[in-house]
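Before any comments, here is the structure.
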2 protein chains.
Amino acid sequence: MEPYQSIGWTAARLARQLEVALATVELSSAQYRMLVQLAQGSEASTPLARKLAVSAPSVTTVVDGLVQRGAVERTYSAEDRRRVSLALTEIGQGLLVSAEDAVRGRLESIANELEDEGLAGNAIRALALWGEALDRARIRRHSLQREAEVVAP
Amino acid sequence: MEPYQSIGWTAARLARQLEVALATVELSSAQYRMLVQLAQGSEASTPLARKLAVSAPSVTTVVDGLVQRGAVERTYSAEDRRRVSLALTEIGQGLLVSAEDAVRGRLESIANELEDEGLAGNAIRALALWGEALDRARIRRHSLQREAEVVAP
DNA sequence: TATTGTTATACTCTATAACTATA
DNA sequence: TATAGTTATAGAGTATAACAATA
């Protein structure tokens, strides 16, 4: 049997390995994504939903869990009282550090399967390449969205 | 703000993009992983759980959904009547083709953000590298598990 | 009226523990 | 007794639709 090779299959297995690694620190992928996003600065709910590519109610649900754990704090804006500012607490920052350790450990140990060919580093660097691509795709997505709003609000 | 760069963050965003792509064909990541695994040959439930790194009840749940859609068929073994053979139907095969199209489309369009530097192909090929690493890691996981069973059943 | 965020509701995935049927 | 698979149960993420509060 020739190995099944598809970009999706690889991404899907990588995703599952991520979940397994995060489970060791009792975090879900969604919670982890939220922590990372908030580590890049406090934000309101709506832009978070856009950046994380989820619905508004999903943000509420995920944040609820993190608030309960003391990892995230909700602050209500004084100027616009509809808006909520979401921010990492110290607990949240520590949790994120633990999560990064767990994930890096598991994914690097997988990449190290390629060390005989000296390709482990290539694999790690390649993910950084995808990081850059994802950043740009997000920017494009958001600017297209703004255009769409102008055309058909 | 310097970009947040971590192997986990990249994997997590890639995972979310996969989910979004799969949603267009009304598949979850778990269902997609099951379809791909079964496309590589029919299997019983227990080895599937091991290979997909999930619990036995998760296999039951995911397969239930796919059986309901006519994508997977359960066949009960005559020799050992506890065992179930899980196999893709033609519908399941077609569904997998649609899923692969959707996923390839979305992930390649993300990789194409790097085309100006001629790095889009590198990103795609790099995922194949991870595919190989994941294959080897799975083999290692399974052989370690067998050893553990021998030592402490 | 439009926007922000939440609530209501429903479905799926996940796990552990308990159970059934079979070996 | 041990194994294969399911059922029971609980918790989390996801979405759409409906809602409240605010602008």
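Heavy-atom basis, side chains included; hydrogens, waters and symmetry copies ignored. Note on naming: letters A, B, ... go to the chains in the order of the sequence lines (proteins, then strands), and numbering restarts at 1 for each one.
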- Closest non-hydrogen atom pair between B:Val72 and B:Leu88, with its separation: CG2-CD2, 4.1 Å
Nearest whole Å is fine: how far is [N] [atom2] from [X] [atom1]?
| X | N | atom1 | atom2 | result |
| --- | --- | --- | --- | --- |
| B:Arg33 | C:dT12 | CZ | C1' | 12 Å |
| B:Gln68 | C:dC13 | CD | P | 11 Å |
| B:Leu18 | C:dC13 | CG | C1' | 15 Å |
| A:Leu86 | C:dT4 | CG | P | 14 Å |
| A:Tyr32 | D:dA12 | OH | C1' | 19 Å |
| A:Arg81 | C:dT3 | CZ | C1' | 16 Å |
| A:Arg69 | D:dG11 | CZ | C1' | 13 Å |
| B:Met34 | D:dG5 | CE | C1' | 13 Å |

Rounded to the nearest 0.5 Å, how far does [atom2] of [Y] lie from [atom1] of [X]?
| X | Y | atom1 | atom2 | value |
| --- | --- | --- | --- | --- |
| A:Trp9 | B:Leu35 | CH2 | CG | 10.5 Å |
| B:Leu96 | B:Gln31 | CG | CD | 12.0 Å |
| A:Leu134 | B:Glu113 | CG | CD | 9.5 Å |

- Message: Check A:Arg69 with A:Glu26, please: is the shortest side-chain N to carboxylate O separation under 4.0 Å?
- Response: no
- Query: Quantified as the angle between the terminal helix axes (five pairs each), what is the overall bend of the helix from C:dT1-D:dA23 to C:dA23-D:dT1 to 10 degrees?
  - Reply: 20°
- Query: Quick one: on DNA chain C, does A:Arg16 or A:Arg83 contact a more 5' nucleotide (nearest heavy atom)?
  - Reply: A:Arg83
- Query: Quick one: on DNA chain C, does A:Glu19 or A:Asp64 contact a more 5' nucleotide (nearest heavy atom)?
  - Reply: A:Asp64
- A:Leu18 and its side-chain contact (heavy atoms from CB on, under 4.5 Å) partner, picked from A:Leu22, A:Val20, A:Leu14: A:Leu22
- What does A:Glu79 touch in the nucleic acid at a heavy-atom separation under 4.0 angstrom: a base, only the sugar-phosphate, or nothing? sugar-phosphate
- Task: Classify the nucleic acid contact of B:Ala23 as base, sugar-phosphate or nothing, counting any heavy atom under 4.0 Å across all strands shown.
- Result: nothing
Does [X] place a side-chain N or O at less than 4.0 Å from the phosphate oxygens OP1/OP2 of [N]?
| X | N | result |
| --- | --- | --- |
| B:Gln31 | C:dC13 | yes |
| A:Thr46 | C:dG5 | yes |
| B:Ser28 | C:dC13 | yes |
| B:Arg74 | D:dT6 | yes |

- Under a 4.0 Å heavy-atom cut-off, which of residues 52-61 of chain B touch DNA chain C? B:Val54, B:Ser55, B:Pro57, B:Ser58, B:Thr61
- Would you say the side chain of A:Trp130 lies within less than 4.5 Å of the side chain of B:Ile110, judging by non-hydrogen atoms? yes
- Is there a path from B:Leu48 to A:Tyr4 through hydrophobic residues (I, L, V, M, F, W, Y) whose side chains come within less than 4.5 Å of each other? yes
- Message: With clusters defined by side-chain heavy atoms of hydrophobic residues (ILVMFWY) lying less than 4.5 Å apart, directly or transitively, does B:Ile7 cluster with A:Val25?
- Response: yes
- Message: Looking at A:Glu132, I want to see if its CD is surrounded by more than 12 non-hydrogen atoms of other residues, nucleotides or ligands under 6.0 Å.
- Response: yes
- Note on the structure: B:Asp80 has its side chain closest, among C:dT22, D:dT22, C:dT14, to C:dT22
